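See structure below.
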2 protein chains.
Amino acid sequence: MSRNYHHGALAEAMVDQALADVRVQGAEHVSLRSIAQTLEVSPSSAYNHFADKDDLLRAVGACGLAALDERMARVLAAHPTDSPDAARARFSGLGRAYLAFAIDETHLFQLTFGPICAVQEISPEDTGPYNKLTTALDDLDRWQLLKPGIRSDLDLMVWASTHGMATLLVEGAVPPESVDAFIDSMARLVFIEGALSAAEVR
Amino acid sequence: MSRNYHHGALAEAMVDQALADVRVQGAEHVSLRSIAQTLEVSPSSAYNHFADKDDLLRAVGACGLAALDERMARVLAAHPTDSPDAARARFSGLGRAYLAFAIDETHLFQLTFGPICAVQEISPEDTGPYNKLTTALDDLDRWQLLKPGIRSDLDLMVWASTHGMATLLVEGAVPPESVDAFIDSMARLVFIEGALSAAEVR
DNA sequence: CACCTCATATGAACATTGTCAACATAGGAG
DNA sequence: CTCCTATGTTGACAATGTTCATATGAGGTG
């Protein structure tokens, strides 16, 4: 009664509320009805905008992916210089951003990469996190900072290891403190002249 | 009425049935009640053996972890020889087994490493998949097959990348065909004398 | 302005689910 | 045999996702 969502803002409002709820309780404990109740709206009104509860959650998952991508974009924006040091800082910074997202937004991470949100197979024209990683690797290669001959192996390998480390963090298999060790190991394995100290970036 | 579970086999039977259901529908679509119905048992009987639905699912998740570990153990048993080639075969075989499990048992993998089953932080006395990976790495190191100086970086790195590749497969972000490329890249990055051909193992 | 129409919200209802408390019973210990 | 404990049953409750018929408002058309 009081507020009427007849202006089409309900969809957005529901995604926002669902996002907030996912952040605190995790996607599995989110209820359509309680979202509707918080918004002072009938439960069935959701079905004018979403086919399904999962459909709403997929929208939230897309927000999660966007949030991750934004964190990575911020890292790139923070190191605009075109120097070898900047290239290394961008690379390590991207990895750190990915892992920080997993730590800060555990529940959102789980939804975004969970069973509900079907991630589409990566494509050449991707502009998200994967693309940012590969172009950072291209940068490193251009400055000849990578060990010789390994460039082509790194796309999948760096992606998998970073994503894997993120899920290990999320699952609690590994403590947040091991992020530094991970980044350092990555640098030692990939850079030509050895380690990038943990303190070098942030 | 007909069959009586008064011999204590209900718990095991429920885990078995739940495991079967998880395999086909995924953990999120299994219901306590339907499991009980299939077993011709009252829904509430479950609560004599499990605190919770999640408690039952955790038991299923433990089965998943055991199944993964068994696959890896089988690989080790298949390469008992103590030669450099055997060491490399064991290493690649372990990775392949991990990824094959993710592909074959997607739903079980998702449950085992999902939010419901809290994986305990890895410990030195672990005897599961992680331990098998690290001892395989020790083997490689003993035969001096690893690039110099990288041994200590590989524990976390190999684990994270393999687990990450597995989750990428499960999420559909990467097609099953890329497993070979992944294993090959891993070999090129880790072994001292370059690539291990995809056909070399299996 | 009046009207109509479509997108949107509501209400009541349904089936299903997890969970619980009170009760029944089986089967071994004494 | 008797009793006790572990195990299974019955019936109920609240919450959830979903649907359908209905109401209502907003915006364009006459």
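So you know, we letter chains A, B, ... as the sequences are listed, proteins then strands, and number each from 1. Nothing here was measured: the structure is a model prediction, and the numbers come from that model.
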Quiz prompt | Exam field: side chain B:Thr112 to backbone B:Gly61, donor-acceptor pair closer than 3.5 Å | solution = yes

Quiz item: Between the side-chain atoms of A:Asn48 and the base atoms of C:dA9, is any donor-acceptor pair under 3.5 Å?
Solution: yes

Practice problem: Check the pair B:Arg142 / B:Asp82 against salt bridge (Lys or Arg N to Asp or Glu O under 4.0 Å), numbers first and verdict last. | Solution: CA-CA 11 Å; B:Arg142 206 171 303 118; B:Asp82 245 4; 5.9 Å; no

For nucleotides 19-21 of chain D, which of its nitrogen or oxygen atoms have a protein nitrogen or oxygen under 3.5 Å away, and what is each distance?
none

Quiz prompt | d(CD1, A:Ile116; C1', D:dG17) in whole Å | solution = 13 Å

Exercise. For A:Lys53 and A:Leu32, indicate whether the former's side chain and the latter's backbone hold a donor-acceptor pair under 3.5 Å.
Key: no

Quiz item: Rounded to whole angstroms, how far apart are NZ on B:Lys53 and P on C:dG18?
Solution: 4 Å

Exercise. Would you jot down, in residue-number order, the residues of residues 23-31 of chain A having a non-hydrogen atom under 4.0 Å from DNA chain D?
Key: A:Val30, A:Ser31

Quiz prompt | Rounded interatomic separation in angstrom, taking CG from A:Asp55 and C1' from D:dG17 | solution = 14 Å

Quiz item: Distance-only, no hydrogens or angles: does the B:His79 side chain make a donor-acceptor pair with backbone N or O of B:Ala86 under 3.5 Å?
Solution: no

Practice problem: Please report, rounded to the nearest Å, how far the C1' atom of D:dT16 is from the CD atom of A:Gln37. | Solution: 12 Å

Quiz item: How close or far is atom C1' of D:dG8 from atom CD1 of B:Ile35, stated in whole angstroms?
Solution: 17 Å

Quiz item: Looking just at side-chain N and O atoms, do B:His163 and A:Glu171 make a donor-acceptor pair shorter than 3.5 Å?
Solution: yes

Exercise. Please report, rounded to the nearest Å, how far the C1' atom of D:dA12 is from the CZ atom of B:Arg33.
Key: 10 Å

Quiz item: Going by the angle between their ring planes, with limits at 30° and 60°, are A:Tyr98 and A:Phe109 parallel, tilted or perpendicular?
Solution: perpendicular

Quiz item: Taking CE from A:Met14 and P from D:dG17, how many angstroms apart are they, rounded to a whole number?
Solution: 10 Å

Exercise. Please report, rounded to the nearest Å, how far the P atom of C:dA7 is from the CZ atom of A:Phe50.
Key: 17 Å

